[in-house]
A.B. asks: 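I have a structure here, written as structure tokens, and I will follow up with some questions on it.
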Amino acid sequence: MKNINFLAFAMPAFFLFLFLEYKLAQRRKKPEIFNYESSVSNISIGIAERLINLFVAASFYQLYYLIYDDYRLFDIPSNALVWFALILATDFVWYWYHRLGHEVNFFWAAHIVHHHSEEFNFTAAARITTFQAVIRTGFWCVLPFVGFHPSMVITMLIVHGAYSFFTHTQLIGKIKWLEYVFVTPSVHGVHHASDEKYLDKNYGDMFTFWDRLFGTFQTEEEKPKYGLTHPLKSYSFLWQHFHYYFEIYELWKRSSGFKARWNAVFGSPADMDQDIRPILEKRFLQDKAAPNQRLRFKNYLYIQLGICTLILTVFTYYFDYLELYDKVFVLSLVIITLINCGALLEQRKWIYYLEYTRLAMISTYFLYEEGLLVFFFVPIAIMIFAEQLFSLSKIYQNTILQLETSE
């Protein structure tokens with residue numbers, strides 16, 4: 001994978017800017033900008049997206065080159081004017097990808113994760129899923145098809161993504177004169193709002209003139225209320241990724257006739273039956289049992305997220321040099337840890353067994369590395385013996401799953 005090593009510094013840079021935003025929010029006496037549970041959830045999803053994209057990003061780039069080499073319509077040169085045209089074209093494609101992501105159920109299922117957060121800060125910018133990355137790559141294939149060289153497209157997408165990261169903050173107020181051309185945090189905050197007047201507005205990522213041209217621009221008037229109109233009742237890592245696909249399937253099952261079932265998949269999210277999500281949340285036990293309580297032992301979550309970030313950074317840097325089994329091990333370990341973090345927030349007692357699964361994976365991996373896989377049963381036997389002798393499950397629940405009343 002060409003030029004991938006620099007991506008190793010994406011997560012450390014993210015945490016640096018997040019730390020600066022957090023400290024500035026404290027200095028300005030705006031602690032409400034951050035919410036512990038939501039921030040953990042946002043960061044977990046960001047880590048997963050960066051990790052999984054290591055496995056698929058090369059395919060995206062190869063697809064751009066394939067389309068450009070075999071199907072491009074024009075031979076567009078590289079000069080200053082073309083770069084300017086490319087940045088406009090990139091944002092124009094984004095506008096329609098983004099708009100359809102809000103107007104078509106199947107696309108909204110991938111994009112809705114970005115809008116779950118009821119806080120609006122740099123952590124919310126991390127809420128991107130690989131599903132969303134795959135879909136928008138399909139839209140961006142238009143650019144090499146027209147004739148923009150893939151290396152230019154890839155560079156512009158990085159610039160485009162970096163710009164949009166900095167529009168996810170409340171620490172920069174309205175800059176009215178700038179909003180005639182550029183998307184600002186105030187403009188994008190409106191897009192993340194659940195207030196009726198702000199719904200389905202401000203789809204542009206860098207420029208506001210597409211929204212003005214197509215009638216979807218809305219300036220910030222009252223302070224937005226961020227999140228979904230029907231908030232998700234779960235911090236579960238898996239449920240946040242897949243709940244809307246389940247909702248589409250449930251609506252599809254309820255529908256009769258081709259047209260109705262087509263609309264269940266490709267119709268408008270505004271027409272989704274609002275009783276479906278509560279039913280599914282009960283069915284899959286995803287309700288937040290105690291929304292006024294939170295973990296007392298938060299450091300355990302911080303440690304896990306810190307380790308995941310460190311692993312992701314090193315893994316990204318050495319990705320090209322690792323064997324397939326190394327990659328699968330790291331992927332599995334990090335995903336299980338992120339699931340663990342979401343389950344901790346929701347006080348799922350089965351996470352204790354997830355801890356054992358993680359320990360078994362780590363021990364098996366190192367035994368394999370040392371050529372001692374024949375002894376894989378030894379650490380498992382030790383874990384079983386320790387559990388029986390010390391009742392570790394009770395110690396775990398009394399230590400890790402402590403609760404305190406939130407303010």
Side-chain angles (χ1 to χ4, degrees), residues 1-15 40-66 110 113 126-138 140 150-151 154 157-158 161 236-238 240-242 301 303-343 351 353-377 379-380:
M1 194 185 299
K2 290 183 179 179
N3 303 321
I4 196 68
N5 285 355
F6 76 95
L7 292 176
F9 304 102
M11 287 304 292
F14 164 76
F15 278 103
V40 169
S41 177
N42 295 348
I43 293 168
S44 296
I45 289 172
I47 290 173
E49 187 267 342
R50 286 291 88 205
L51 176 66
I52 298 173
N53 272 9
L54 286 173
F55 292 84
V56 297
S59 299
F60 298 162
Y61 302 156
Q62 289 168 5
L63 181 60
Y64 294 152
Y65 276 98
L66 174 66
V113 182
R127 294 189 68 93
I128 306 294
T129 69
T130 298
F131 304 129
Q132 183 174 339
V134 169
I135 290 174
R136 68 188 183 191
T137 294
W140 275 323
S151 62
I154 294 166
L157 293 182
I158 293 172
S236 165
F237 176 80
L238 290 175
Q240 290 184 81
H241 275 79
F242 296 106
L301 271 177
I303 290 168
Q304 293 194 81
L305 288 178
I307 291 174
C308 283
T309 303
L310 178 62
I311 290 174
L312 177 59
T313 301
V314 176
F315 184 61
T316 302
Y317 192 83
Y318 290 105
F319 187 81
D320 283 340
Y321 307 101
L322 298 175
E323 299 293 337
L324 179 60
Y325 71 88
D326 295 313
K327 296 176 180 178
V328 172
F329 167 72
V330 172
L331 175 66
S332 303
L333 181 64
V334 173
I335 293 299
I336 286 177
T337 301
L338 297 177
I339 293 172
N340 180 286
C341 290
I351 63 173
Y353 302 101
L354 203 62
E355 301 278 18
Y356 271 135
T357 302
R358 190 162 53 178
L359 288 173
M361 282 178 54
I362 294 171
S363 61
T364 301
Y365 173 76
F366 283 107
L367 286 172
Y368 178 80
E369 282 283 289
E370 298 298 322
L372 300 172
L373 192 57
V374 67
F375 298 108
F376 79 94
F377 64 89
I380 295 176

A.B. asks: Can you name the ring pair (Phe, Tyr, Trp, His ring centres under 6.0 Å) partners of Phe237, sequence neighbours left out?
C.D. replies: His241
A.B. asks: Does anything in residues 358-376 form a salt bridge (charged side-chain N to carboxylate O under 4.0 Å, His left out)? List the pairs, not counting sequence neighbours.
C.D. replies: Glu355-Arg358
A.B. asks: Check step by step if side chain to side chain contact (heavy atoms under 4.5 Å, CB included) holds for Tyr317 and Thr313.
C.D. replies: CA-CA 6 Å; Tyr317 192 83; Thr313 301; 6.0 Å; no
A.B. asks: Can you spot which of Cys308, Ser44, Ser41 makes a side-chain contact (heavy atoms from CB on, under 4.5 Å) with Cys341?
C.D. replies: Ser44
A.B. asks: Distance from Leu310 atom CG to Met11 atom CE, nearest 0.5 Å?
C.D. replies: 11.5 Å
A.B. asks: Is the NZ or CZ atom of Lys327 both under 6.0 Å from the centre of the six-membered ring of Phe315 and within 45° of that ring's axis?
C.D. replies: no
A.B. asks: Give the minimum heavy-atom separation between Ala110 and Gln132, together with the two atoms involved.
C.D. replies: O-OE1, 3.7 Å
A.B. asks: Any side-chain heavy atom of Thr364 sitting closer than 4.5 Å to one from Tyr368?
C.D. replies: no
A.B. asks: Identify, with sequence neighbours excluded, every residue that meets ring pair (Phe, Tyr, Trp, His ring centres under 6.0 Å) alongside Phe329.
C.D. replies: Tyr365
A.B. asks: Taking all non-hydrogen atoms of both residues, which atom of Thr137 and which atom of Ala133 are closest, and how far apart?
C.D. replies: OG1-O, 2.7 Å
A.B. asks: Could you go through the side chain to side chain contact (heavy atoms under 4.5 Å, CB included) check for Val330 and Ile311 one step at a time?
C.D. replies: CA-CA 8 Å; Val330 172; Ile311 290 174; 3.6 Å; yes
A.B. asks: Could you check Phe242 against Phe131 for ring-ring contact (aromatic ring centres under 6.0 Å, His included), going step by step and ending with a plain yes or no?
C.D. replies: CA-CA 10 Å; Phe242 296 106; Phe131 304 129; 5.6 Å; yes
A.B. asks: Just by modelled atom types, is the Glu323 backbone N or O under 3.5 Å from a matching donor or acceptor in the Asp326 side chain?
C.D. replies: yes
A.B. asks: As a quick check of understanding, evaluate side chain to side chain contact (heavy atoms under 4.5 Å, CB included) for Val334 and Leu312, giving each step before the final call.
C.D. replies: CA-CA 8 Å; Val334 173; Leu312 177 59; over 6 Å; no
